[in-house]
Amino acid sequence: MNALFLEPVHSPFGGSVAARVLGCPASVGLVQKVPTYLRKSSAYAERGTALHAAMALLLDDNPPALDSLVGLSFNNYTLTRDDVENALRPTSACVDTLLNTPDAEYYSERHVTFPTVAGAFGTADLIVRSGNTGHILDFKFGVAARVLALSPANDDPAVDVINAQLLFYAAAARHSLHEFFAGVDNVTLTILQPQSIEPDAEMMSSVTVTHAELDEFIAGYRAACEEALSPTPRLERGAWCRFCPAKPICPAFAAPLLDLAQLTVPTPPVGPPSKAYLQALAHGLNLVDAVKDLRTALHDQAKRALENGDPVPGYALTAGRAERHWRDDEPTAIAALQRLGLSRDDIIAETMRSVKQIELRAKARGLKIPQEFIGSHRSGVSLARCENVRAPILAPEELVRSFTAALKAL
Ligand code: SF4
């Protein structure tokens, strides 16, 4: 098969955007229209970049002690004690388990090129070979969304799809490292995400794929790249929009604004609300949710433009709230405050860490917290989209209805 030629400087078809290219080929052209420096990621991504750099150091031949990483800066981000204990130590412990198998060999932060699409490349966090199994590991240090190796499809929650970024790196690693992958029968794809918005989520998520599945992905990805370069590529909203820098110019993101402007909610009748009224509430919420994403994208790009010295009419950068701190180091400050007449209790508040934080630290030390140590209660009732409901709650009327129905059945 001939290679599809793209002439990239920065690959618009790299591993980190693979899901977006597959879901919305039109995004490739739209993203190219956004000035490069405005596509840069936010402060959260700076933390992720710093943690990735720290993991690369830990996977080096002469790794530093984990504790020595506290206070180390990578670009604009300085690693904290929590970063080390809650992110690096548990990730490093998981990786060590895999690398400590007798015949394991590995590459860390390895540049790999994707077959059949010239100019498509990426950097795999960790590529391991152990016996006849290859492993591709991707570290996720973001907490806002959980990332899985296998997750429900955008259009059909009953069907599971394999993480496109992992498939990209697996196909690219196999292509770039022929000898390393010789004799490998199948490849295990793993996401390691030590912290996420779901407090009880497992840290490791894996799926094993065959060579045939990788070949199928290569063909599908090449087709999506070809479509992206065609005159009428598909434009489609989905989970892949999350980090798309083209949101401010995307027609699919502007559409909810127009719909919102035309939203009419029927006057509620006296008595219980009509079906049409409830439907209008749901429709309005959907539109407002869609617009919220656009607001974030506009805000981030305007901030970046101002940081770059480009004027955004009506907007300016302003210093954050002043955060007070002790001028001296902690022991000196504590001693000075005690000399002033304050007791140690006045100065030091000893608080227990959360269950999740302690579980992470225990895992990194090979310990398990017994379940009988842990209680749980729900903090309240909130509104969520049906597909995101984890513990459904029946309204009092519904409870009465189901109780009456149960009595009748008796
Ligand atoms: S925001 Fe979503 S729909 Fe719009 S171009 Fe990006 S990926 Fe496509």
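Note that ligands are numbered from 1 as they come in the structure, with each ligand's atoms numbered from 1 the same way. Being a predicted model, the structure only gives us computed values, none of them experimental.
For L148, the side-chain contact (heavy atoms from CB on, under 4.5 Å) test picks out R146, S151, S205, with sequence neighbours left out. Taking the side-chain contact (heavy atoms from CB on, under 4.5 Å) definition, one finds that L281 meets it with Y277, L278, sequence neighbours left out. Applying the side-chain contact (heavy atoms from CB on, under 4.5 Å) rule to L98 yields the partners V128, H135, L137; only residues at least two apart in sequence or on another chain are considered.
Of the charged side-chain nitrogens involved, at least one lies within less than 4.0 Å of a carboxylate oxygen, so that D215 and R174 count as a salt-bridged pair.
Here is the list of ligand 1 atoms found below 4.0 Å of a heavy atom in W240: 7 (S).
Figure legend: R237 and F253 shown as a cation-pi pair, the cationic atom lying under 6.0 angstrom from the six-membered ring centre and within 45 degrees of its axis.
Atom 4 (Fe) of ligand 1 has C250 SG as its protein N, O or S neighbours under 2.8 Å.
The nearest pair of heavy atoms linking D328 to A333 is CB-N, 4.2 Å.
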